[in-house]
Q: 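If you scroll down you'll find the structure; I have some questions about it.
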Amino acid sequence: MTKGNKFGLKGMWWRRAPVLIVFLLLFSAPESWAVGNIHLGQMEIHPGFLTRRTYYKMVDVDNPNRGSDWVTAYSPGLKVEWPIRQHTINGDWLLNFIRYHDHDAWNYRGRQLSTRGNFLFGQGGRQLTLDLGHVQNRSDEPAELTESRRMRTENRWTSKLGINLNDNLRLDLSYNLNTYRYKDDSSSLNNSINSLDNRDEDHYETSINVRIKPKTVAFVSGHYYQSDYRDDRRDSDDSETWTVGPGLRWDATAKLSGQIRAGFSWKKYRERDSIDTAVAMVDLTHRASDRTRFAFGLERGQREYSWSEEEFNRYTLNQVRISLDHQLTYKVKVLSGFTYEFDKYQHPRRDSIYAWHLGLRYQIQEWLATDFKYENRHRESGGDQPATDYDNNIFSLSLGLVL
(Lines give C-alpha, C1' and ligand atoms only; values in the text may rest on other atoms or scores of the structure.)
Protein backbone atom coordinates (compact mmCIF):
# COMPACT_ATOMS: atom_id res chain seq x y z
CA MET A 1 0.00 0.00 0.00
CA THR A 2 1.39 3.40 -0.89
CA LYS A 3 1.54 6.22 1.58
CA GLY A 4 -1.10 8.02 -0.43
CA ASN A 5 -3.54 5.21 0.35
CA LYS A 6 -2.36 5.07 3.95
CA PHE A 7 -3.64 8.56 4.60
CA GLY A 8 -6.82 8.08 2.63
CA LEU A 9 -5.73 10.63 0.04
CA LYS A 10 -5.38 8.54 -3.05
CA GLY A 11 -8.14 6.62 -4.75
CA MET A 12 -10.20 5.87 -1.63
CA TRP A 13 -10.76 9.33 -0.11
CA TRP A 14 -13.97 9.82 -2.11
CA ARG A 15 -15.51 6.82 -0.35
CA ARG A 16 -15.22 8.80 2.89
CA ALA A 17 -16.75 11.95 1.42
CA PRO A 18 -20.00 11.52 3.42
CA VAL A 19 -18.13 11.93 6.72
CA LEU A 20 -16.45 15.06 5.39
CA ILE A 21 -19.81 16.47 4.28
CA VAL A 22 -21.33 15.84 7.71
CA PHE A 23 -18.39 17.70 9.25
CA LEU A 24 -19.07 20.66 6.93
CA LEU A 25 -22.77 20.62 7.79
CA LEU A 26 -21.95 20.87 11.48
CA PHE A 27 -19.59 23.81 11.16
CA SER A 28 -20.54 25.69 7.98
CA ALA A 29 -23.37 27.64 9.62
CA PRO A 30 -22.41 30.82 11.52
CA GLU A 31 -22.24 30.36 15.27
CA SER A 32 -24.81 32.26 17.35
CA TRP A 33 -24.02 33.69 20.74
CA ALA A 34 -25.87 35.15 23.67
CA VAL A 35 -25.13 38.80 24.29
CA GLY A 36 -23.18 38.80 27.51
CA ASN A 37 -23.56 41.37 30.22
CA ILE A 38 -20.09 41.21 31.72
CA HIS A 39 -18.00 44.40 31.61
CA LEU A 40 -14.56 45.02 33.07
CA GLY A 41 -13.89 48.66 32.31
CA GLN A 42 -13.96 48.93 28.51
CA MET A 43 -13.67 45.17 28.11
CA GLU A 44 -16.77 43.23 27.07
CA ILE A 45 -17.03 39.49 27.79
CA HIS A 46 -19.64 37.35 26.02
CA PRO A 47 -19.93 33.72 27.20
CA GLY A 48 -22.09 31.44 25.10
CA PHE A 49 -23.18 27.87 24.52
CA LEU A 50 -24.42 26.32 21.28
CA THR A 51 -25.90 22.87 20.79
CA ARG A 52 -26.91 21.38 17.46
CA ARG A 53 -28.78 18.15 16.83
CA THR A 54 -28.46 16.89 13.25
CA TYR A 55 -30.00 13.91 11.50
CA TYR A 56 -28.43 12.85 8.24
CA LYS A 57 -29.31 10.18 5.72
CA MET A 58 -26.90 9.39 2.89
CA VAL A 59 -27.34 7.43 -0.30
CA ASP A 60 -24.00 6.25 -1.71
CA VAL A 61 -24.02 4.23 -4.94
CA ASP A 62 -20.90 2.38 -3.79
CA ASN A 63 -22.15 1.71 -0.26
CA PRO A 64 -25.98 1.80 -0.17
CA ASN A 65 -26.07 0.35 3.37
CA ARG A 66 -24.18 3.25 4.93
CA GLY A 67 -27.41 4.28 6.66
CA SER A 68 -28.19 7.29 8.83
CA ASP A 69 -27.38 8.69 12.23
CA TRP A 70 -28.06 11.43 14.75
CA VAL A 71 -25.18 13.80 15.48
CA THR A 72 -25.04 16.11 18.48
CA ALA A 73 -22.62 19.03 18.73
CA TYR A 74 -21.89 20.84 22.01
CA SER A 75 -19.90 24.06 21.70
CA PRO A 76 -19.22 26.19 24.79
CA GLY A 77 -17.18 29.30 24.15
CA LEU A 78 -16.17 32.81 25.06
CA LYS A 79 -15.84 36.06 23.11
CA VAL A 80 -13.88 39.06 24.38
CA GLU A 81 -13.59 42.57 22.93
CA TRP A 82 -11.22 45.10 24.50
CA PRO A 83 -10.98 48.58 22.92
CA ILE A 84 -7.94 50.61 23.97
CA ARG A 85 -8.19 54.10 22.46
CA GLN A 86 -7.70 53.51 18.71
CA HIS A 87 -6.71 49.89 19.23
CA THR A 88 -8.79 46.75 19.65
CA ILE A 89 -8.02 43.28 20.99
CA ASN A 90 -10.45 40.44 20.23
CA GLY A 91 -10.65 36.87 21.49
CA ASP A 92 -12.92 34.14 20.13
CA TRP A 93 -12.44 30.77 21.82
CA LEU A 94 -14.63 27.73 21.14
CA LEU A 95 -14.60 24.07 22.22
CA ASN A 96 -16.36 21.41 20.11
CA PHE A 97 -17.64 18.01 21.27
CA ILE A 98 -19.21 15.91 18.49
CA ARG A 99 -21.15 12.75 19.33
CA TYR A 100 -22.62 10.15 16.94
CA HIS A 101 -25.55 8.02 18.16
CA ASP A 102 -24.92 4.85 16.13
CA HIS A 103 -21.29 5.29 14.99
CA ASP A 104 -19.55 6.16 18.24
CA ALA A 105 -16.16 5.42 16.63
CA TRP A 106 -16.64 8.70 14.76
CA ASN A 107 -16.93 10.77 17.95
CA TYR A 108 -14.34 13.50 18.21
CA ARG A 109 -13.49 16.72 19.98
CA GLY A 110 -11.60 19.84 19.13
CA ARG A 111 -11.06 23.51 19.78
CA GLN A 112 -10.90 26.74 17.80
CA LEU A 113 -8.94 29.52 19.48
CA SER A 114 -8.56 32.91 17.85
CA THR A 115 -6.84 35.97 19.31
CA ARG A 116 -6.31 39.14 17.29
CA GLY A 117 -5.09 42.66 17.85
CA ASN A 118 -5.66 45.71 15.64
CA PHE A 119 -3.48 48.74 16.31
CA LEU A 120 -3.96 52.11 14.60
CA PHE A 121 -1.42 54.94 14.63
CA GLY A 122 -1.73 58.38 13.11
CA GLN A 123 -4.66 60.48 11.93
CA GLY A 124 -6.05 61.86 8.69
CA GLY A 125 -4.71 60.62 5.37
CA ARG A 126 -1.47 59.25 6.79
CA GLN A 127 -2.01 56.28 9.03
CA LEU A 128 -0.25 53.08 10.00
CA THR A 129 -2.16 49.94 10.96
CA LEU A 130 -0.71 46.80 12.50
CA ASP A 131 -2.70 43.56 12.71
CA LEU A 132 -1.38 40.66 14.78
CA GLY A 133 -3.17 37.37 15.30
CA HIS A 134 -2.99 33.73 16.25
CA VAL A 135 -5.47 30.98 15.38
CA GLN A 136 -5.29 27.40 16.57
CA ASN A 137 -7.52 24.62 15.25
CA ARG A 138 -7.10 21.30 16.99
CA SER A 139 -9.24 18.22 16.47
CA ASP A 140 -9.30 14.46 16.39
CA GLU A 141 -9.77 13.15 12.88
CA PRO A 142 -12.73 10.72 12.84
CA ALA A 143 -11.64 7.12 12.49
CA GLU A 144 -13.42 6.83 9.14
CA LEU A 145 -11.09 9.44 7.64
CA THR A 146 -7.90 7.52 8.38
CA GLU A 147 -7.02 3.94 9.21
CA SER A 148 -6.30 5.02 12.78
CA ARG A 149 -7.31 8.07 14.80
CA ARG A 150 -4.84 10.91 15.01
CA MET A 151 -4.75 14.41 16.45
CA ARG A 152 -4.28 17.31 14.04
CA THR A 153 -3.07 20.68 15.36
CA GLU A 154 -2.90 23.71 13.10
CA ASN A 155 -1.41 27.01 14.24
CA ARG A 156 -1.51 30.21 12.20
CA TRP A 157 0.46 33.28 13.23
CA THR A 158 -0.39 36.37 11.16
CA SER A 159 1.06 39.85 10.94
CA LYS A 160 0.07 42.64 8.57
CA LEU A 161 1.39 46.19 8.29
CA GLY A 162 -0.65 48.74 6.36
CA ILE A 163 0.67 52.20 5.50
CA ASN A 164 -1.62 54.91 4.15
CA LEU A 165 0.71 57.23 2.26
CA ASN A 166 -2.20 59.53 1.46
CA ASP A 167 -5.97 59.35 1.02
CA ASN A 168 -5.69 57.33 -2.21
CA LEU A 169 -2.49 55.28 -1.87
CA ARG A 170 -1.85 52.40 0.52
CA LEU A 171 0.92 49.82 0.95
CA ASP A 172 0.29 46.47 2.66
CA LEU A 173 2.99 44.06 3.86
CA SER A 174 2.21 40.75 5.54
CA TYR A 175 3.93 37.64 6.86
CA ASN A 176 2.11 34.49 7.98
CA LEU A 177 3.51 31.32 9.49
CA ASN A 178 1.36 28.17 9.46
CA THR A 179 2.36 24.94 11.19
CA TYR A 180 0.67 21.54 10.88
CA ARG A 181 1.34 18.73 13.38
CA TYR A 182 -0.08 15.21 13.55
CA LYS A 183 -0.03 12.77 16.44
CA ASP A 184 -1.33 9.22 16.24
CA ASP A 185 -2.98 7.58 19.23
CA SER A 186 -1.87 4.07 18.31
CA SER A 187 1.50 2.48 17.52
CA SER A 188 4.88 4.17 17.25
CA LEU A 189 5.04 2.97 13.65
CA ASN A 190 1.95 5.01 12.78
CA ASN A 191 3.42 7.94 14.70
CA SER A 192 6.49 7.71 12.48
CA ILE A 193 4.36 7.61 9.34
CA ASN A 194 2.18 10.51 10.46
CA SER A 195 5.26 12.60 11.16
CA LEU A 196 5.78 12.73 7.40
CA ASP A 197 2.83 15.13 7.19
CA ASN A 198 4.25 17.61 9.73
CA ARG A 199 5.17 20.79 7.92
CA ASP A 200 5.74 24.55 8.18
CA GLU A 201 4.46 27.12 5.69
CA ASP A 202 5.77 30.66 5.29
CA HIS A 203 3.73 33.27 3.43
CA TYR A 204 4.99 36.71 2.39
CA GLU A 205 2.67 39.11 0.57
CA THR A 206 2.97 42.68 -0.66
CA SER A 207 0.30 44.79 -2.34
CA ILE A 208 0.02 48.37 -3.58
CA ASN A 209 -3.53 49.73 -3.42
CA VAL A 210 -4.74 52.77 -5.35
CA ARG A 211 -8.20 54.22 -4.76
CA ILE A 212 -9.70 55.09 -8.12
CA LYS A 213 -13.19 55.90 -6.82
CA PRO A 214 -14.57 56.53 -3.33
CA LYS A 215 -15.61 52.86 -3.00
CA THR A 216 -13.28 51.17 -5.53
CA VAL A 217 -9.64 50.17 -5.11
CA ALA A 218 -7.27 48.78 -7.74
CA PHE A 219 -4.26 46.80 -6.50
CA VAL A 220 -1.24 44.77 -7.60
CA SER A 221 -0.10 42.03 -5.24
CA GLY A 222 2.80 39.63 -5.01
CA HIS A 223 2.73 36.47 -2.90
CA TYR A 224 5.64 34.19 -1.98
CA TYR A 225 4.81 30.88 -0.31
CA GLN A 226 7.24 28.25 0.98
CA SER A 227 6.31 24.81 2.30
CA ASP A 228 8.86 22.83 4.31
CA TYR A 229 8.19 19.27 5.53
CA ARG A 230 9.94 18.54 8.80
CA ASP A 231 10.70 14.91 7.86
CA ASP A 232 13.66 14.45 5.51
CA ARG A 233 11.75 11.69 3.70
CA ARG A 234 9.42 14.36 2.32
CA ASP A 235 12.16 16.64 0.98
CA SER A 236 10.96 16.05 -2.58
CA ASP A 237 7.64 17.68 -1.61
CA ASP A 238 9.18 20.91 -0.27
CA SER A 239 8.19 23.73 -2.57
CA GLU A 240 8.32 27.45 -3.32
CA THR A 241 5.51 29.37 -5.01
CA TRP A 242 5.36 32.86 -6.53
CA THR A 243 2.06 34.48 -7.46
CA VAL A 244 1.80 37.93 -9.07
CA GLY A 245 -1.22 39.71 -10.45
CA PRO A 246 -3.57 42.72 -10.44
CA GLY A 247 -7.01 42.99 -8.90
CA LEU A 248 -10.00 45.21 -8.27
CA ARG A 249 -11.89 45.48 -4.98
CA TRP A 250 -15.18 47.15 -4.14
CA ASP A 251 -15.78 48.26 -0.58
CA ALA A 252 -19.18 47.43 0.89
CA THR A 253 -21.92 49.44 -0.83
CA ALA A 254 -25.68 49.37 -0.81
CA LYS A 255 -25.75 47.05 -3.84
CA LEU A 256 -22.45 45.53 -4.95
CA SER A 257 -19.27 44.47 -3.20
CA GLY A 258 -16.53 41.97 -3.91
CA GLN A 259 -13.14 41.34 -5.40
CA ILE A 260 -11.67 40.27 -8.72
CA ARG A 261 -8.05 39.20 -9.04
CA ALA A 262 -5.98 37.34 -11.63
CA GLY A 263 -2.36 36.58 -12.37
CA PHE A 264 0.24 33.88 -12.78
CA SER A 265 1.69 31.35 -10.38
CA TRP A 266 5.05 29.55 -10.51
CA LYS A 267 5.56 26.61 -8.16
CA LYS A 268 8.90 24.80 -7.89
CA TYR A 269 9.42 21.55 -5.98
CA ARG A 270 12.84 20.81 -4.57
CA GLU A 271 13.22 17.53 -6.47
CA ARG A 272 10.35 17.66 -8.98
CA ASP A 273 9.23 19.60 -12.00
CA SER A 274 7.83 23.10 -11.63
CA ILE A 275 4.17 24.05 -12.15
CA ASP A 276 3.29 27.19 -14.11
CA THR A 277 -0.36 28.16 -14.26
CA ALA A 278 -2.75 31.06 -14.56
CA VAL A 279 -4.77 31.81 -11.43
CA ALA A 280 -8.03 33.70 -11.11
CA MET A 281 -10.54 34.42 -8.39
CA VAL A 282 -13.84 36.29 -8.41
CA ASP A 283 -16.07 36.91 -5.40
CA LEU A 284 -19.05 39.20 -5.89
CA THR A 285 -22.03 39.93 -3.67
CA HIS A 286 -25.11 41.73 -4.98
CA ARG A 287 -27.87 42.87 -2.64
CA ALA A 288 -30.91 43.15 -4.86
CA SER A 289 -32.95 44.33 -1.87
CA ASP A 290 -32.91 44.32 1.90
CA ARG A 291 -34.28 40.75 1.75
CA THR A 292 -32.41 39.23 -1.21
CA ARG A 293 -28.69 38.52 -1.51
CA PHE A 294 -26.93 37.01 -4.53
CA ALA A 295 -23.30 35.80 -4.47
CA PHE A 296 -21.07 34.61 -7.30
CA GLY A 297 -17.62 33.04 -7.06
CA LEU A 298 -15.05 31.80 -9.55
CA GLU A 299 -11.69 30.14 -8.86
CA ARG A 300 -8.92 28.54 -10.90
CA GLY A 301 -5.57 27.18 -9.80
CA GLN A 302 -3.35 24.17 -9.14
CA ARG A 303 -4.08 21.78 -6.28
CA GLU A 304 -2.12 18.84 -4.84
CA TYR A 305 -3.99 15.53 -4.87
CA SER A 306 -1.84 12.71 -3.51
CA TRP A 307 1.69 11.48 -3.12
CA SER A 308 3.48 8.17 -2.88
CA GLU A 309 7.00 6.84 -3.16
CA GLU A 310 6.55 6.46 -6.91
CA GLU A 311 4.80 9.65 -7.98
CA PHE A 312 3.27 12.97 -7.05
CA ASN A 313 -0.13 13.79 -8.53
CA ARG A 314 -1.73 17.21 -8.95
CA TYR A 315 -4.71 18.69 -10.68
CA THR A 316 -6.08 22.00 -11.92
CA LEU A 317 -9.26 23.14 -10.20
CA ASN A 318 -11.89 25.17 -12.06
CA GLN A 319 -14.85 26.07 -9.88
CA VAL A 320 -17.99 28.21 -10.17
CA ARG A 321 -20.17 29.02 -7.14
CA ILE A 322 -23.62 30.64 -7.06
CA SER A 323 -25.83 31.26 -4.03
CA LEU A 324 -29.14 33.02 -3.50
CA ASP A 325 -30.54 33.84 -0.04
CA HIS A 326 -33.94 35.40 0.55
CA GLN A 327 -35.58 36.58 3.76
CA LEU A 328 -39.20 35.47 3.42
CA THR A 329 -40.38 36.93 6.71
CA TYR A 330 -38.79 38.42 9.78
CA LYS A 331 -38.13 34.90 11.12
CA VAL A 332 -37.92 32.70 8.00
CA LYS A 333 -34.99 32.67 5.54
CA VAL A 334 -34.41 30.53 2.43
CA LEU A 335 -30.82 29.50 1.56
CA SER A 336 -29.85 27.99 -1.80
CA GLY A 337 -26.69 27.41 -3.79
CA PHE A 338 -25.05 25.56 -6.66
CA THR A 339 -21.40 24.66 -7.31
CA TYR A 340 -19.82 23.18 -10.41
CA GLU A 341 -16.21 22.00 -10.30
CA PHE A 342 -14.10 20.59 -13.12
CA ASP A 343 -10.81 18.99 -12.06
CA LYS A 344 -8.15 18.22 -14.66
CA TYR A 345 -5.54 15.81 -13.31
CA GLN A 346 -1.92 15.36 -14.30
CA HIS A 347 -2.79 11.83 -15.46
CA PRO A 348 -5.57 11.22 -18.02
CA ARG A 349 -8.41 11.76 -15.58
CA ARG A 350 -11.16 14.37 -15.54
CA ASP A 351 -13.69 14.89 -12.74
CA SER A 352 -16.95 16.82 -12.95
CA ILE A 353 -18.50 17.56 -9.56
CA TYR A 354 -21.99 19.00 -9.15
CA ALA A 355 -23.31 20.12 -5.77
CA TRP A 356 -26.45 21.99 -4.85
CA HIS A 357 -28.31 22.69 -1.63
CA LEU A 358 -31.62 24.10 -0.47
CA GLY A 359 -32.31 25.10 3.11
CA LEU A 360 -34.80 26.82 5.36
CA ARG A 361 -33.90 28.67 8.54
CA TYR A 362 -36.55 29.54 11.12
CA GLN A 363 -35.57 31.91 13.92
CA ILE A 364 -38.13 30.83 16.51
CA GLN A 365 -36.82 33.16 19.19
CA GLU A 366 -33.69 35.25 19.57
CA TRP A 367 -32.16 32.35 21.49
CA LEU A 368 -33.63 29.46 19.49
CA ALA A 369 -33.35 28.63 15.75
CA THR A 370 -33.94 25.60 13.56
CA ASP A 371 -32.47 24.73 10.15
CA PHE A 372 -33.49 22.22 7.51
CA LYS A 373 -31.11 21.51 4.64
CA TYR A 374 -30.98 19.15 1.68
CA GLU A 375 -27.72 18.71 -0.24
CA ASN A 376 -26.83 16.63 -3.28
CA ARG A 377 -23.22 16.03 -4.33
CA HIS A 378 -22.52 14.09 -7.51
CA ARG A 379 -19.23 13.25 -9.23
CA GLU A 380 -18.53 11.80 -12.67
CA SER A 381 -14.99 10.73 -13.54
CA GLY A 382 -13.46 10.14 -16.94
CA GLY A 383 -10.10 8.89 -18.19
CA ASP A 384 -8.15 5.70 -17.62
CA GLN A 385 -8.19 5.88 -13.82
CA PRO A 386 -10.47 3.53 -11.80
CA ALA A 387 -14.08 4.71 -11.57
CA THR A 388 -14.60 7.18 -8.72
CA ASP A 389 -18.22 8.16 -9.36
CA TYR A 390 -20.50 8.77 -6.40
CA ASP A 391 -23.83 10.33 -5.59
CA ASN A 392 -24.61 11.53 -2.06
CA ASN A 393 -27.88 12.91 -0.71
CA ILE A 394 -27.85 14.45 2.74
CA PHE A 395 -30.78 15.64 4.83
CA SER A 396 -30.02 17.60 7.97
CA LEU A 397 -32.26 19.05 10.64
CA SER A 398 -30.63 21.06 13.38
CA LEU A 399 -31.75 23.03 16.40
CA GLY A 400 -29.58 25.76 17.83
CA LEU A 401 -30.04 26.86 21.46
CA VAL A 402 -28.19 29.89 22.78
CA LEU A 403 -28.21 30.49 26.53
Side-chain angles (χ1 to χ4, degrees), residues 17-18 20-35 46 48 50-59 68 71 73 75 79 92 94 215-216 248-261 280-300 317-342 352-379 391-402:
L20 290 171
I21 297 175
V22 172
F23 178 84
L24 294 175
L25 285 174
L26 289 172
F27 293 103
S28 59
E31 305 290 353
S32 300
W33 292 94
V35 178
H46 306 285
L50 178 69
T51 180
R52 185 182 292 111
R53 182 81 163 168
T54 302
Y55 174 78
Y56 70 91
K57 183 175 180 61
M58 291 173 289
V59 179
S68 58
V71 184
S75 302
K79 286 191 175 184
D92 191 348
L94 186 70
K215 296 293 184 178
T216 304
L248 198 64
R249 180 172 58 245
W250 291 272
D251 294 337
T253 65
K255 292 291 185 180
L256 182 66
S257 63
Q259 177 176 277
I260 300 175
R261 62 188 303 175
M281 183 185 71
V282 177
D283 283 299
L284 300 176
T285 301
H286 178 64
R287 296 171 180 84
S289 67
D290 294 338
R291 292 171 173 251
T292 305
R293 175 182 176 272
F294 173 79
F296 172 79
L298 174 67
E299 185 175 354
R300 172 185 167 83
L317 175 142
N318 301 274
Q319 186 183 83
V320 179
R321 304 178 301 274
I322 299 174
S323 66
L324 179 63
D325 303 338
H326 180 67
Q327 193 80 37
L328 287 176
T329 68
Y330 176 72
K331 292 187 175 183
V332 180
K333 187 175 185 179
V334 177
L335 309 170
S336 62
F338 173 78
T339 300
Y340 171 72
E341 181 177 321
F342 177 73
S352 293
I353 302 174
Y354 307 85
W356 66 276
H357 71 268
L358 181 64
L360 189 68
R361 177 171 299 167
Y362 179 35
Q363 192 75 34
I364 304 172
Q365 296 291 336
E366 182 181 356
W367 48 271
L368 183 65
T370 183
D371 294 83
F372 172 77
K373 184 178 181 181
Y374 167 73
E375 181 175 357
N376 174 268
R377 187 173 179 86
H378 177 79
R379 180 164 76 180
D391 188 81
N392 290 322
N393 295 275
I394 301 174
F395 302 87
S396 80
L397 179 64
S398 61
L399 185 68
L401 175 65
V402 181

Q: Looking only at atom types and distance, does a side-chain atom of Thr339 sit under 3.5 Å from a main-chain N or O of Ala355, one as donor and one as acceptor?
A: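 A pair under 3.5 Å: no.
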
Q: So which pairs with a foot in residues 322-341 pass salt bridge (Lys or Arg N to Asp or Glu O under 4.0 Å), sequence neighbours left out?
A: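 Non-adjacent pairs meeting salt bridge (Lys or Arg N to Asp or Glu O under 4.0 Å): Arg293-Asp325.
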
Q: Rounded to the nearest 0.5 Å, how far apart are CZ of Phe338 and CG of Asn376?
A: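 Taking CZ in Phe338 and CG in Asn376, the distance rounds to 10.0 Å.
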
Q: Among all residues two or more places apart in sequence or in another chain, which pass the ring-ring contact (aromatic ring centres under 6.0 Å, His included) test with Tyr340?
A: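 ring-ring contact (aromatic ring centres under 6.0 Å, His included) check on Tyr340 returns Tyr354.
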
Q: Hey, what do you get for CG (Leu256) to CZ (Arg287), rounding to the nearest 0.5 Å?
A: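 One gets 9.0 Å once the value is rounded to the nearest 0.5 Å.
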
Q: Output yes when a side-chain donor or acceptor of Lys255 lies under 3.5 Å from a complementary backbone atom of Ala288, and no otherwise.
A: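 Yes, because the side chain of Lys255 sits within donor-acceptor range (under 3.5 Å) of the backbone of Ala288.
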
Q: Find the distance between OH (Tyr374) and CG (Leu358) and round it off to the nearest 0.5 Å.
A: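 Between atom OH of Tyr374 and atom CG of Leu358 there are 10.0 Å.
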
Q: How far does OG of Ser289 sit from CD of Gln327, to the nearest 0.5 angstrom?
A: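 Answer for the OG-CD pair, Ser289 versus Gln327, is 10.0 Å.
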
Q: List the atom of His326, the atom of Thr292, and the distance in Å for their closest heavy-atom pair.
A: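 So the two residues come closest at ND1-OG1, 2.7 Å.
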
Q: If you round to the nearest 0.5 Å, how far is CE of Met281 from CD1 of Ile260?
A: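 So the gap between those two atoms works out to 10.0 Å.
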
Q: Once rounded to the nearest 0.5 Å, what's the spacing between atom OG of Ser352 and atom CZ of Arg379?
A: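 Rounded to the nearest 0.5 Å, the OG-CZ separation comes out at 10.5 Å.
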
Q: Test Asp283 against every option in Arg321, Gln259, Arg249, Arg261 by the side-chain hydrogen bond (donor to acceptor under 3.5 Å, both in side chains) rule and name the one that passes.
A: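 Looking at Arg321, Gln259, Arg249, Arg261, the match for Asp283 under the side-chain hydrogen bond (donor to acceptor under 3.5 Å, both in side chains) is Arg321.
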
